[in-house]
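Take a look at the structure below.
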Amino acid sequence: MIDHMGFAVVNLDRAKNFYVNALKPLGLSVVMEVTPQETGGYAGAGFGAEGKPFFWIGAGSTPKGGVHVAFTARTRDEVDAFYRAAIAAGGKDNGAPGPRPHYHAHYYGAFVFDPDGNNIEAVCHRPG
């Protein structure tokens, strides 16, 4: 089980705007922000639900390579909404919403590259 994860972004404001819009259909939002004064060096935004941040983006260092993050969607409609919102927020297509039976029979996912080139996915594991 993963408690939380995070990675560096080039422009925190740009990345935060992207994730605010892209993750909204999944019911996720910014639940905590930290300043360089609080952390001793970087500013960050923690996204999550019910007051618990589990996905962090932070400024302060240059990303060293792409990261893949998959967010759970409750329905296939949420996957579709994530994809539309992420593209509208400036993401680039990396796999339109659809079945991915090579993973398993009910895998339905969508992939976008965020503004820093990270591969962001929303996936529903339930039957259609």
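Residues forming a side-chain hydrogen bond (donor to acceptor under 3.5 Å, both in side chains) with Arg126 (at least two apart in sequence, or on another chain): none. In terms of the salt bridge (Lys or Arg N to Asp or Glu O under 4.0 Å) criterion, Glu38 has no residue partners (sequence neighbours excluded). For Phe71, the ring-ring contact (aromatic ring centres under 6.0 Å, His included) partners two or more places apart in sequence, or in a different chain, are Phe55. The side-chain hydrogen bond (donor to acceptor under 3.5 Å, both in side chains) search around His106 returns none, not counting sequence neighbours.
A heavy-atom distance below 4.5 Å is found between the side chains of Leu12 and Ile57. For the pair Asp93 and Phe113, the minimum side-chain heavy-atom distance is 4.5 Å or more. Between Lys52 and Met32, the closest side-chain pair of non-hydrogen atoms is not below 4.5 Å. In this structure, the side chains of Val69 and Met5 come closer than 4.5 Å at one or more pairs of heavy atoms. Side chains of Lys92 and Val112 form no contact here, defined as non-hydrogen atoms less than 4.5 Å apart.
Shortest non-hydrogen contact noted between Val123 and Ala70 is CG1-CB, 4.5 Å. Across every non-hydrogen atom of Ala73 and Val79, the tightest pair is CB-CG2, 3.6 Å. The heavy-atom pair separating Asp116 from Arg14 by the smallest distance is OD1-NH2, 3.2 Å.
Judged by distance alone, the side chain of Arg100 and the main-chain N or O of Tyr108 form no donor-acceptor pair under 3.5 Å.
There is a path of hydrophobic side-chain contacts, each under 4.5 Å, that joins Ile120 to Val67.
Using bins of under 30°, 30° to 60° and over 60° for the plane-to-plane angle, the ring pair Tyr107/Tyr103 lands in the tilted bin.
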For residues 19-30, please give each side-chain donor-acceptor pair under 3.5 Å, one per line with the distance, not counting sequence neighbours.
unit_1: Tyr19; atom_1: OH; unit_2: Asp114; atom_2: OD2; d: 2.6
unit_1: Asn21; atom_1: ND2; unit_2: Asn17; atom_2: O; d: 2.8
unit_1: Asn21; atom_1: ND2; unit_2: Asn17; atom_2: OD1; d: 3.3

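Applying the ring pair (Phe, Tyr, Trp, His ring centres under 6.0 Å) test to pairs two or more places apart or on separate chains, none has a residue in residues 79-100.
To the nearest 0.5 Å, the span separating CG on Asn94 from CD on Glu121 amounts to 9.5 Å.
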